[in-house]
Structures are given as structure tokens and as C-alpha cells.
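The structure under discussion appears below in the form of C-alpha cells.
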Amino acid sequence: MATSINKVILVGNLGRDPEIRHTTAGAKIVHLSVATSDVWKDKNGERQEKTEWHRVVIFNTGLADFAERALKKGTKVYIEGSLQTRKFTDASGAEKFSTEVVLGSFRGELVVLEGRADGNAPVGESAESTSDNSDAGWDSAAATGKTETFDDEIPF
């Protein structure tokens, strides 16, 4: 039995195009900025909205390739990963902290829920990493363009 769980699920929109970087060893790393919003009416009946921005980092090679190919600013996505906080030193020498949702080499899921108005994002396409011990073990068949139809009507 697991003694702890670190799992984050986000459904939101990309605030900008994916940022692609490479390590010195040549591995691809993708940074995403995902917005989630809460909407409610205040005591006066006026609509209120609060947007939270999330940093998402993809280290899995297969997921990174999928993100680079399928995602653009405005795309609605489902992301599943884990929360990690890292410490770094900025250019002025000050220690800083950054909390990110990480899709690592062995866990994570990324699904395109809705594309942009120009239709460039493949809706319903998804990719997920496997529990194999190498990035080469990533199942590329998971990103073959599965399209699902969702019935948003609730039967009551």
C-alpha cells in the first residue's frame, strides 16, 4: 500500500505556445503555462473570475515530442503529473523556489481536449508515458490520434 500520493490533474488552456529547450545531453524539455479558472457570482450577483497559472514541465521524450507537435497557445488540455518544488539561484545570486507540475520519464498524461479556433490542434489526441524504465519504452501508439466523442448532456 502506498504511504503517500503525489498526483496533480489540470484541465485548462495554454497561455502561450510550448517552450522547447534541450539539455546539454540533447534531451528535449518542454515548458507549458496552463491557466485554470474559477467562475462564480458574488453576493451582488456579479460574475467574478479568478485565474490560476500553472507551470508544467515535460521531461518524457515521447510526451515532449507530442506537445511540440500538437499544442499551441489557447489549446485546452488535460494534464496529469506530479507536483515538484525545485530550488535555484538566480543571476543576482539569490536563492529562489519554483513549484511545477512535472510529467516525468515514467509517469504523466497529456490529452488535447479542444483545439484553437484555427483548428490546428488535434482534438482527442493523447499521449501518456509508460512505466518502462527507459524513454525508448514510450508507447508511441498512445499518440496515434485517438479521437473520442464526448456527450456533454447530463441525463437528469
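Note that these values count all heavy atoms, side chains included, but never hydrogens, waters or copies made by symmetry. Since the structure is predicted, the reported quantities are computational estimates derived from the model, not experimental observations.
Comment: Glu46 does not engage Lys41 in a salt bridge, judged by the lack of any side-chain N to carboxylate O separation of less than 4.0 angstrom.
The hydrophobic cluster containing Ile9 also contains Val111, counting ILVMFWY residues as joined when their side-chain heavy atoms lie under 4.5 angstrom apart, directly or transitively.
Under the 3.5 Å distance criterion, the side-chain polar atoms of Thr23 are matched with a main-chain donor or acceptor of Ala27. Remark: the backbone N or O of Lys72 is not paired with any side-chain donor or acceptor of Asp17 at under 3.5 angstrom.
Summarising the geometry, atom CZ belonging to Arg86 is positioned 12.0 Å from atom NZ belonging to Lys96; distances are rounded to the nearest 0.5 Å. Remark: Glu95 CD to Phe88 CZ distance equals 10.5 Å, nearest 0.5 Å. Rounded to the nearest 0.5 Å, atoms OG1 (Thr75) and CG (Asn13) are 8.0 Å apart. Once rounded to the nearest 0.5 Å, the distance linking CZ of Arg107 with CZ of Phe59 reads 15.0 Å. Separating the NE2 atom in His22 from the NZ atom in Lys28 is a distance of 5.0 Å, to the nearest 0.5 Å. Between the OG1 atom in Thr85 and the CD atom in Glu100 there is a gap of 8.5 Å [rounded to 0.5 Å].
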For the pair Val112 and Phe66, evaluate side-chain contact (heavy atoms from CB on, under 4.5 Å) and give the outcome as yes or no after the intermediate values. CA-CA 10 Å; Val112 175; Phe66 174 77; 4.1 Å; yes
Does the pair Val77 and Leu110 meet the rule for a side-chain contact (heavy atoms from CB on, under 4.5 Å), with working shown? CA-CA 7 Å; Val77 293; Leu110 174 60; 4.3 Å; yes
Please step through side-chain contact (heavy atoms from CB on, under 4.5 Å) for the pair Thr99 and Arg55, ending with a clear verdict. CA-CA 7 Å; Thr99 300; Arg55 296 172 184 257; over 6 Å; no
Derivation and outcome, side-chain contact (heavy atoms from CB on, under 4.5 Å), residues Ile20 and Val30: CA-CA 5 Å; Ile20 313 299; Val30 177; 3.6 Å; yes
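Around the CD atom of Glu49, the shell of radius 6.0 Å holds more than 12 heavy atoms that belong to other residues, nucleotides or ligands.
The side chain to side chain donor-acceptor pair (under 3.5 Å) search around Arg21 returns Glu19, not counting sequence neighbours. Every residue two or more places apart in sequence or in another chain was checked for a salt bridge (Lys or Arg N to Asp or Glu O under 4.0 Å) with Lys43, and none qualifies.
Heavy atoms only, all atoms of each residue included: Thr51 and Ser37 are closest at OG1-OG, 3.0 Å. The minimum heavy-atom distance between Pro18 and Ala67, with the atom names listed, is CG-O, 3.8 Å. Closest approach of Asp90 and Ser92 over heavy atoms only: OD1-OG, 2.8 Å.
A donor and an acceptor atom, one from each side chain of Thr36 and His54, are located under 3.5 Å apart.
Looking only at side-chain heavy atoms (C-beta outward), His31 and Val56 stay at 4.5 Å or farther from each other. Residues Val101 and Leu10 meet the side-chain proximity criterion, which asks for heavy atoms closer than 4.5 Å. Counting only heavy atoms from C-beta outward, the side chains of Asn60 and Leu103 never approach each other to under 4.5 Å.
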